Amino acid sequence: MKLTVLGASGGIGREIVSQALADGHDVTAALRNPGKLVQRHPRLTVLRTDPLDPASVEPAVRGADAVLSGIGQAGRHDPLRPASTSARAVTEAMAATGVRRLLVVSAGPLNRTGAGQPFLGHRVFAPLLWAVLKEVYTDLERMEAILRATDLDWTSVRPPRLLDKPGTGHYRHAIEAGPAGNSIPRADVARAMLDLIPDPTTHAHAVGVST
């Protein structure tokens with residue numbers, strides 16, 4: 001497949017690029033500063049792209065079989081609101097180019113119902129996280145609202161606490177539920193996103209993932 005990766009220099013984005021190339025896909029890495037991506041590969045194209053500008057995103061997504069975004073909130077007080085702003089840019093660019101499949105990274109605490117989550121995770125830890133990271137999660141909620149307003153084949157992947165450790169290659173996932181666990185390596189989030197590309201049951205859904 002031809003895959004476009006937004007936020008390709010971030011923790012999850014780099015993992016998506018590496019694993020997609022290992023899987024044999026052709027990858028276009030779209031990022032604001034191409035120098036941040038040191039990886040080189042015959043099937044890797046690196047494009048300078050402003051992920052918050054639809055006109056800049058269009059060349060990066062044109063002709064792709066799927067777009068995967070590792071873009072999230074850079075910090076609690078980031079005025080750019082990158083998750084929601086980039087979601088609006090990429091959905092507009094995809095609508096203009098006819099690309100349908102989109103997968104993005106969200107967060108487990110956006111599961112307001114608690115379906116598929118441990119009691120402590122939903123009743124204790126999630127409210128604490130919302131109190132500390134309200135701006136981050138609000139931006140992610142805006143992102144998901146933008147996706148739900150489109151007719152694209154989108155999936156929002158909601159992991160719990162992200163770990164900088166080697167991936168296990170194994171994960172649990174649940175549609176409109178979870179995550180069931182408390183943490184997951186970034187590499188396994190990337191693995192889940194790649195695995196879910198051809199899964200139509202995840203279209204227009206949030207999916208909880210965890211180890």
Side-chain angles (χ1 to χ4, degrees), residues 1-21 25-41 43-107 110 133 135-159 162 186 189-190 192-194 196-197 206:
M1 287 187 290
K2 294 181 178 179
L3 305 180
T4 295
V5 181
L6 301 175
S9 63
I12 291 175
R14 287 195 303 270
E15 288 289 345
I16 295 172
V17 170
S18 296
Q19 294 183 39
L21 291 170
H25 300 300
D26 295 317
V27 179
T28 295
L31 62 167
R32 185 178 284 108
N33 183 357
K36 289 186 175 182
L37 188 67
V38 298
Q39 187 169 5
R40 296 295 180 266
H41 193 281
R43 283 183 278 101
L44 174 63
T45 300
V46 181
L47 291 183
R48 185 184 301 276
T49 304
D50 181 354
L52 309 184
D53 177 9
S56 183
V57 175
E58 275 192 34
V61 303
R62 184 174 289 112
D65 295 304
V67 179
L68 299 93
S69 176
I71 296 175
Q73 189 83 6
R76 283 188 290 171
H77 306 294
D78 191 334
L80 295 178
R81 296 174 179 168
S84 58
T85 307
S86 65
R88 190 171 301 283
V90 71
T91 54
E92 290 181 11
M94 291 174 67
T97 56
V99 179
R100 301 274 324 154
R101 189 70 173 115
L102 172 64
L103 298 97
V104 303
V105 178
S106 185
L110 267 67
L133 300 171
E135 292 181 39
V136 174
Y137 295 148
T138 298
D139 187 32
L140 291 171
E141 281 195 320
R142 292 192 188 99
M143 175 190 73
E144 291 194 356
I146 289 168
L147 300 183
R148 293 184 190 280
T150 74
D151 64 352
L152 297 176
D153 299 329
W154 60 267
T155 300
S156 181
V157 174
R158 293 175 173 175
L162 297 170
R186 285 177 169 83
V189 176
M193 293 177 72
L194 289 166
L196 293 177
I197 291 173

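All values derive from a computational prediction rather than experimental measurement. Numbers for residues simply follow the sequence, beginning at 1. Scope of the values below: all heavy atoms of this structure, side chains included, with no hydrogens, waters or symmetry mates.
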Criterion side chain to side chain contact (heavy atoms under 4.5 Å, CB included) against V5, the qualifying member of V17, V67, L31: V17
Counterpart residues, side-chain hydrogen bond (donor to acceptor under 3.5 Å, both in side chains), relative to T155 (two or more places apart): R101, T202
Intermediate values then yes/no, side-chain contact (heavy atoms from CB on, under 4.5 Å), Q39 and L21: CA-CA 11 Å; Q39 187 169 5; L21 291 170; 3.5 Å; yes
Contact summary for A29 and L37, nearest pair of heavy atoms: CB-CD2, 3.6 Å
Student check: side-chain heavy atoms of L140 and M143 closer than 4.5 Å: yes
Under the side chain to side chain contact (heavy atoms under 4.5 Å, CB included) test, residues paired with A20 that sit two or more places apart: L3, H25, V27, L194
Under 3.5 Å, which donor-acceptor pairs link side chains of residues 9-16 to any protein atom two or more places apart or in another chain?
residue : atom : partner : partner atom : Å
R14     : NH1  : S9      : O            : 2.4
E15     : OE1  : Q19     : NE2          : 3.3

Interatomic spacing from CG in L147 to OG in S106 - rounded to 0.5 Å: 9.0 Å
For L68, the option from T4, L102, I197 that meets side chain to side chain contact (heavy atoms under 4.5 Å, CB included): I197
Salt bridge (charged side-chain N to carboxylate O under 4.0 Å, His left out) involving D153 - partner list, sequence neighbours excluded: R100
Atom pair CD1/OG of I146 and S86 - distance to nearest 0.5 Å: 8.0 Å
Non-neighbouring partners of R88 that pass side-chain hydrogen bond (donor to acceptor under 3.5 Å, both in side chains), sequence neighbours left out: none
Rounded distance (nearest 0.5 Å) linking atom CG of L162 with atom CZ of R186: 4.5 Å
Extract all donor-acceptor atom pairs below 3.5 Å that involve side chains of residues 44-51 and protein atoms in other chains or at least two apart in sequence.
residue : atom : partner : partner atom : Å
R48     : NH1  : R32     : O            : 3.4
T49     : OG1  : L47     : O            : 3.4
D50     : OD1  : R32     : NH2          : 3.1
D50     : OD1  : L52     : N            : 3.0

Closest contact, heavy atoms only, W154 versus A206: CZ3-N, 4.1 Å
Results of side chain to side chain contact (heavy atoms under 4.5 Å, CB included) for E141 - residues two or more places apart only: L110, R112, W130
Set of salt bridge (charged side-chain N to carboxylate O under 4.0 Å, His left out) partners for E92, sequence neighbours left out: none
Option passing side chain to side chain contact (heavy atoms under 4.5 Å, CB included) with T91 (candidates V99, V57, L152): L152
side-chain contact (heavy atoms from CB on, under 4.5 Å) assessment of V90 paired with S69: CA-CA 9 Å; V90 71; S69 176; 5.9 Å; no
Donor-acceptor pair, side chain of D139 and main chain of A83, under 3.5 angstrom: yes
Side-chain heavy-atom pair P159, V105 within 4.5 angstrom cut-off: yes
side-chain hydrogen bond (donor to acceptor under 3.5 Å, both in side chains) partners of S156, counting only residues at least two apart: E144
Rounded distance [0.5 Å steps], CG in L103 versus CG in L6: 11.5 Å
Test salt bridge (charged side-chain N to carboxylate O under 4.0 Å, His left out) applied to R62 - qualifying residues, sequence neighbours left out: E58
